[in-house]
2 protein chains.
Amino acid sequence: MDNRLFTRIMRLMTVPRLRDVARLAGVHAATASRALNPATRSMVSAETAQRVLEAAAQLGYVANPIARSLKTNRTNSIGVVIPDLTNLLFPPIVRGIDDVLSPLGYSLLLVNTDNDKEREAAHIASLRARQVDGLILATALLEDPLLQRLGEQRVPLVLINRRMNTPGFPSVTGDDAGGVYLAVHHLVTLGHRRIAHLAGPQHTSTGQFRLRAYRQALQDLGLPHDDDLVAHCSAWTEAEGARGLAELLDRGVEFTAVLAGNDLLALGCYDLMRERGIHCPDELSIVGFNDMPIVDKLQPALTTVRIPHYRVGSEAAHMLLERLHKPDTPAKSILLPLELVVRGSTAPPASSRRPGGARQSGETTLRAPATQDRPDSVSPSRPHSPILTEL
Amino acid sequence: MDNRLFTRIMRLMTVPRLRDVARLAGVHAATASRALNPATRSMVSAETAQRVLEAAAQLGYVANPIARSLKTNRTNSIGVVIPDLTNLLFPPIVRGIDDVLSPLGYSLLLVNTDNDKEREAAHIASLRARQVDGLILATALLEDPLLQRLGEQRVPLVLINRRMNTPGFPSVTGDDAGGVYLAVHHLVTLGHRRIAHLAGPQHTSTGQFRLRAYRQALQDLGLPHDDDLVAHCSAWTEAEGARGLAELLDRGVEFTAVLAGNDLLALGCYDLMRERGIHCPDELSIVGFNDMPIVDKLQPALTTVRIPHYRVGSEAAHMLLERLHKPDTPAKSILLPLELVVRGSTAPPASSRRPGGARQSGETTLRAPATQDRPDSVSPSRPHSPILTEL
DNA sequence: TTGAAAGCGCTAACAT
DNA sequence: ATGTTAGCGCTTTCAA
């Protein structure tokens, strides 16, 4: 208490308020406010504006955002809701968001949900109580009552990474179908015919879309589909990846390559292969999804579909800004084009390889084929530009 | 404008305010406020308190933190200032902070400085304008006028990772000296006699303390010191690590092991060794510092000194809470004990190795020797408990 | 124990 | 173009 009073006195002595600026400039506080705000500055004569700005500079005046927010219902802050910051996917995304928003004066409030919808609900309630201007969420489920409710309440938001089945939600994600096609095409070109898939959780768009695209790609490339080649993982974790591959192997079904639903599942495959003494890529090729930091340093370096995470973040930030400024614009979805990064974890299957054939090291990047070949996407205006969909 | 008005009306219709709760409970707003705040609830009769709480529950009342903050000068938010979230060190630290503070109702405002003191100053000014209750900073330099000023202004803060030369700043860091000793001791035990060091930036405590500790450890272990065995890196980056090792090699000085100032520098060593065809650990042993995520998956897996990053974050959060509640308590510094994680990047030097000797795989963890052996630290009350220093 | 009233620092409708 | 006034939603003296 004593200390609070002290702080208070210190603040009054040191921190100038709007009325101090106004007094120094010889105007009323309202005029000072108008002069200080670029949007309303034109309501004030050039000279007074000048005097006010000088006074503010002289006093080192910084407006109190709390007081402003109380009046305006805007806070210049946005909530970023992710499952877990220590998942290597998210830091680049968050940087992408921050690099766009922080120069515009926005602050980021970051929360981790650990994929727990209750925690998420509590965090979102807290963020809304704090009057964040908008939300960027990486936690969407295909069916997601929590987020549906936000949509109904017209909370400005943008989904990243994962989408919902419900239309009307703006989102920025990778073009999962295109990426899967690249990966499967690559494996087929290498000579693989029996390609397994570790599918991620089917209540997330990434899990479901990638599985569907895998089936579609096999069909498009003239390979028969065999449900025994699919193992379902209940979470995007290394442990589940190892479990999934073990399940496939223990089924006794034959395959020479695995398309893992994401890089963490692929890491799990590495673990299991080491445990069972299976050599990658000689005995089994692995393709991941995401191109997380560091997977290029693994042994063997992981062939994977690259999602431009930083750009997911920056595009989402721009999209949210647009939602804030033109809330009545129809929601858009951006599907960012993906690339396949070919590294050391894929090779021709043992049967079709010449003994002693030297493997090339280093990495190669493959882009998507012309997108109009795939029926489920709008053709982009420029090559490799994002695919826009009106929801 | 139109839309703002709309939002406003919606809010008034849907979001209950304190006076709504008060009216429903049949009391004055002030009474409702007292009843709702656990700290002041005792001023109110049990029955009225009960009625108010029920009314609040019935309406789904959530206090407006903005209005509260304007009155109380507290925001229940804290600023986290780090160089770059995409540096793999920081996500676990931030999670550690969040896991402690968010259950207590605090929000985290995260900013990236990219090691630019100007950006940092701007961000800190913004955080202070937003009235954060305190700061956790990972950006300290040994001489740091910016932070010194914060200290003078009695801004509640805690330093993490790096310390300052100026006394009086509470901090949570790893015990750099202890960790370096473990690493050097390990190399010497393996038979190394010529151990090089890639030193990090000397204006950071981590860079300077580790270099000093390296010299001290050589001396303690009876090895001569040779300045030619030290290369200085100007930043904690992979590129600088590669450059530093190249510099050492090009000097023509002989060495069989490198203690890298941190893991990123060690990664740079890996790059250069691959480039020059030097085998690790057969021709050169490498020790890193930090035990970042994924360095256990490199080929060879990196032997490194583990800093408990998550715990750095959680301890810092607790320390900041203490600073907030008892601001007049003297500042403490916590040096967390470190462990050496022995993996595949270290082995006996070529000269002392039996040809064909099978290397053991897997990893081993070594703890610090009793700390009282080292004169610069206070002995902990329990083994491996943090070292506390009054500043 | 409760109510009345003031005010945190700012912005915006209204008046001039 | 500028000043007056009210009020954002809450907490906290002060008085009863």
Side-chain angles (χ1 to χ4, degrees), chain A residues 1-2 4-5 7-12 14-23 25-52 56 59 61-76 128-131, chain B residues 1-2 4-5 7-12 14-23 25-52 56 59 61-76 128-131:
Chain A
M1 286 302 129
D2 225 27
R4 283 265 276 287
L5 181 61
T7 314
R8 182 78 164 283
I9 292 171
M10 286 299 292
R11 281 185 55 75
L12 287 179
T14 59
V15 180
R17 291 157 307 163
L18 182 60
R19 69 181 67 135
D20 301 320
V21 177
R23 195 184 312 125
V27 296
H28 191 267
T31 308
S33 169
R34 289 187 271 251
L36 256 15
N37 183 342
T40 52
R41 190 168 299 153
S42 55
M43 299 173 158
V44 163
S45 82
E47 308 93 75
T48 26
Q50 179 66 15
R51 250 183 312 133
V52 171
L59 296 177
Y61 172 75
V62 180
N64 181 333
I66 311 263
R68 173 179 292 159
S69 294
L70 185 58
K71 185 72 184 170
T72 61
N73 287 323
R74 296 171 63 275
T75 53
N76 273 276
R128 294 189 64 196
R130 285 176 190 273
Q131 315 258 52
Chain B
M1 287 299 132
D2 226 26
R4 283 264 276 286
L5 182 61
T7 315
R8 184 79 164 283
I9 293 172
M10 287 299 292
R11 281 186 55 76
L12 288 178
T14 60
V15 181
R17 292 156 305 163
L18 181 59
R19 69 181 67 136
D20 301 319
V21 176
R23 196 183 312 127
V27 296
H28 192 264
T31 308
S33 170
R34 290 187 272 251
L36 257 13
N37 183 342
T40 53
R41 191 167 299 156
S42 57
M43 300 173 157
V44 164
S45 82
E47 309 94 77
T48 29
Q50 179 67 15
R51 250 183 312 132
V52 170
L59 296 176
Y61 173 74
V62 180
N64 181 332
I66 311 262
R68 174 180 291 159
S69 294
L70 185 59
K71 187 70 186 170
T72 61
N73 289 323
R74 294 169 67 276
T75 54
N76 272 276
R128 295 188 64 196
R130 284 176 190 272
Q131 315 257 53

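Chain naming here is simple, since letters A, B, ... match the order of the sequence lines and numbering starts at 1 in each. Please read these numbers as outputs of a predicted model, since none were measured by experiment.
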Response to the item:
A:Lys71 atom NZ is separated from D:dC10 atom P, nearest whole Å, by 15 Å

Response to the item:
Between A:Thr40 and A:Ile66, whichever has its closest DNA chain C nucleotide further toward 5' is A:Ile66

Discussion item. I need the CZ-C1' distance between A:Arg34 and D:dT2, as an integer number of Å.
Written reply: 6 Å

Fill in: Whole angstrom value for the distance that separates C1' of C:dA12 from NE2 of A:His28
12 Å

Worksheet entry | Separation of atom CG in B:Leu36 from atom C1' in D:dC10, rounded to whole Å | 11 Å

Discussion item. On the nucleotide C:dT11, are OP1 or OP2 found under 4.0 Å from the side-chain N or O atoms that A:Ser33 carries?
Written reply: yes

Response to the item:
Between B:Leu70 and A:Asn64, the two heavy atoms sitting closest are CD1-ND2, 4.5 Å

Item to complete: Let me know the distance between CG of A:Asn64 and C1' of D:dC8, rounded to the nearest Å.
Response: 13 Å

Practice prompt. For the side chain of A:Val44, starting at C-beta, report the closest nucleotide among C:dG3, D:dT2, D:dT11.
Written response: D:dT2

Worksheet item: Nearest to the side chain of A:Met43 - C:dA4, C:dT11, D:dT2?
Response: D:dT2

Discussion item. Side chain of A:Arg68 only, heavy atoms from C-beta on: which candidate in C:dG3, C:dC10, D:dT2 is closest?
Written reply: C:dC10

Practice prompt. Taking all heavy atoms of B:Leu18 and all of B:Ala32, pick out the closest pair and write down the distance.
Written response: CD1-CB, 3.7 Å

Discussion item. Without decimals, in angstroms, what is the distance between B:Asn73 CG and D:dT11 P?
Written reply: 13 Å

Worksheet item: Under 4.0 Å between a side-chain N/O of A:Tyr61 and OP1 or OP2 of C:dC10, yes or no?
Response: yes

Worksheet, complete the sentence: Taken to the nearest whole Å, CG/B:Asn37 to P/C:dT2 is 16 Å

Worksheet entry | Sugar-phosphate only, base, or nothing, as touched by A:Thr48 at under 4.0 Å among non-hydrogen atoms | sugar-phosphate

Practice prompt. Report yes if a side-chain nitrogen or oxygen of B:Ser45 is closer than 4.0 Å to either non-bridging phosphate oxygen (OP1 or OP2) of C:dT2; otherwise report no.
Written response: yes

Practice prompt. Quick one: do B:Arg130 and A:Asn76 satisfy side-chain contact (heavy atoms from CB on, under 4.5 Å)? Show the steps, please.
Written response: CA-CA 10 Å; B:Arg130 284 176 190 272; A:Asn76 273 276; 3.5 Å; yes

Worksheet entry | B:Arg19 CZ - C:dT2 P separation (whole Å) | 21 Å

Worksheet entry | Pairwise distance CZ(B:Arg34) to NE2(B:His28) - rounded to 0.5 angstrom | 9.0 Å

Item to complete: Check whether any side-chain N or O of B:Arg51 sits under 3.5 Å from a backbone N or O of B:Ala25 as a donor-acceptor pair, and report yes or no.
Response: yes

Worksheet item: When you match B:Leu70 and B:Thr31 each to their closest nucleotide on DNA chain D, which lands nearer the 5' end?
Response: B:Leu70

